[in-house]
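What follows is a single structure, written as structure tokens, with notes after it.
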Amino acid sequence: MTELRELYQEMILDHGKRPRNFRAQDDAESAAGHNPLCGDRVTVYVRTEDGVIRDVSFQGSGCAISTASASLMTEALSGKTVEEARALFRRFHELVAAEGDEQGLGKLEVFKGVRDFPMRVKCATLAWHTLCAALDHEKDLVTTE
């Protein structure tokens with residue numbers, strides 16, 4: 001189990017240092033989020049077509065967990081329907097909050113260890129909450145408080 005935990009830590013650190021889909025989009029819906037507890041800030045950009053996520057990206061700054069979560073989120077959601085994205089967020093939140101099964105979440109399962117640090121759940125879910133705000137065309141700042 002130690003080797004698996006180390007692999008998960010390496011993946012989080014890799015995505016934290018070299019996030020994927022880290023860019024703005026001019027032609028996309030966007031929303032901004034902030035975690036005042038640790039200072040994480042994120043803007044999520046999402047472009048949908050006929051109810052399908054065609055492109056999702058983000059920009060911002062934050063801890064390794066927050067940045068890695070946003071990066072892995074963008075990889076997991078491209079090509080999914082909006083409904084599938086919302087369902088995936090619910091399952092992801094259950095995973096990090098220790099309320100659900102981690103099976104079937106693919107690379108997102110690396111965040112299972114967050115459940116051992118309840119204060120970090122907000123770091124892991126900030127980009128996801130911000131994505132939902134962008135999908136709902138909300139312009140108010142998303143906060144974790």
Side-chain angles (χ1 to χ4, degrees), residues 1-25 28-48 51-138 140-145:
M1 187 59 109
T2 301
E3 289 179 20
L4 183 60
R5 187 175 210 111
E6 287 177 16
L7 177 64
Y8 284 1
Q9 288 174 344
E10 283 180 33
M11 186 179 293
I12 289 172
L13 289 173
D14 178 46
H15 278 264
K17 290 178 183 175
R18 289 177 292 283
R20 282 52 157 194
N21 301 303
F22 189 82
R23 59 186 161 72
Q25 295 184 56
E29 287 292 327
S30 66
H34 179 228
N35 180 352
L37 186 63
C38 67
D40 298 333
R41 291 190 175 276
V42 67
T43 301
V44 174
Y45 304 89
V46 61
R47 191 172 50 79
T48 61
V52 176
I53 296 174
R54 297 297 179 198
D55 196 7
V56 60
S57 62
F58 77 103
Q59 286 189 313
S61 62
C63 67
I65 290 173
S66 176
T67 302
S69 180
S71 178
L72 284 159
M73 176 191 76
T74 64
E75 288 189 332
L77 295 181
S78 188
K80 298 261 192 281
T81 67
V82 171
E83 293 78 24
E84 290 171 328
R86 291 181 194 279
L88 189 58
F89 172 40
R90 283 190 296 277
R91 293 190 57 224
F92 178 77
H93 191 274
E94 290 170 358
L95 168 76
V96 298
E99 298 169 356
D101 181 10
E102 67 270 10
Q103 300 300 312
L105 287 173
K107 290 181 181 180
L108 295 172
E109 293 172 16
V110 302
F111 292 97
K112 179 181 179 180
V114 170
R115 64 176 56 177
D116 296 333
F117 305 94
M119 295 292 291
R120 303 311 296 265
V121 170
K122 292 178 180 183
C123 301
T125 59
L126 176 63
W128 293 85
H129 285 291
T130 307
L131 168 79
C132 289
L135 290 171
D136 293 337
H137 312 289
E138 293 178 15
D140 292 335
L141 181 68
V142 175
T143 68
T144 56
E145 295 304 307

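Remember, it's a predicted structure, so these values are computed and weren't measured experimentally.
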With a 6.0 Å cut-off on the ring centroids, do F22 and F58 count as close? yes

Would you say that L88 contacts L108 through its side chain, given a criterion of any heavy-atom pair below 4.5 Å between the two side chains? yes

So do F111 and T125 actually touch side chain to side chain, heavy atoms under 4.5 Å? no

Of all the heavy-atom pairs spanning D40 and C63, show the shortest one and how long it is. OD1-N, 2.9 Å

Non-hydrogen side-chain atoms of L135 and V46 separated by less than 4.5 Å: yes

Evaluate the ring planes of H129 and H93, with Trp represented by its six-membered ring, and classify them as parallel (under 30°), tilted (30 to 60°) or perpendicular (over 60°). perpendicular

Nearest 0.5 Å, what's the OG1-CZ distance between T74 and R23? 8.0 Å

Closest heavy-atom pair, G16 versus T67, reported as atoms and distance to 0.1 Å, is O-CG2, 3.6 Å

Scanning both residues in full, the closest heavy-atom pair of P36 with E145 reads CG-CG, 3.4 Å

Work out which heavy atom in N35 is nearest to a heavy atom in L126; give both atom names and the distance. N-CD2, 4.0 Å

Main chain of A124, side chain of S69: is a donor-acceptor contact present, judged purely on distance under 3.5 Å? yes

Gap between atom CG of L77 and atom CZ of F89 - 0.5 Å precision: 11.0 Å

Closer than 4.0 angstrom, basic N to acidic O: yes or no for R20 and D14? yes

Gap between atom CD1 of I65 and atom CG of L13 - 0.5 Å precision: 9.5 Å

Tightest non-hydrogen contact, residues A31 and T130, listed as O-CG2, 3.2 Å

Value rounded to 0.5 Å, distance of CZ in R91 from CD in E84: 11.5 Å

Straight-line distance of I12 CD1 to K107 NZ, nearest 0.5 Å: 13.0 Å

For a side chain to side chain contact (heavy atoms under 4.5 Å, CB included) check, start with the C-alpha distance between H15 and V110, then their side-chain angles and the critical distance, and finish with the verdict. CA-CA 11 Å; H15 278 264; V110 302; over 6 Å; no

Rounded to the nearest 0.5 angstrom, the CZ-OG distance for R120 and S66 is 9.0 Å

Flag side-chain contact, heavy atom, 4.5 Å: S71 against N21: no

In terms of heavy-atom contacts, V42 and A127 come closest through CG1-CA, 4.2 Å

Heavy-atom distance under 4.5 Å between the side chains of Y45 and Q59, does that happen here? yes

Does any part of the side chain of S30, heavy atoms only, come nearer than 4.5 Å to the side chain of Q25, both counted from C-beta? no

Atom CG of residue position D140 - does it have more than 12 heavy atoms of other residues, nucleotides or ligands inside 6.0 Å? no

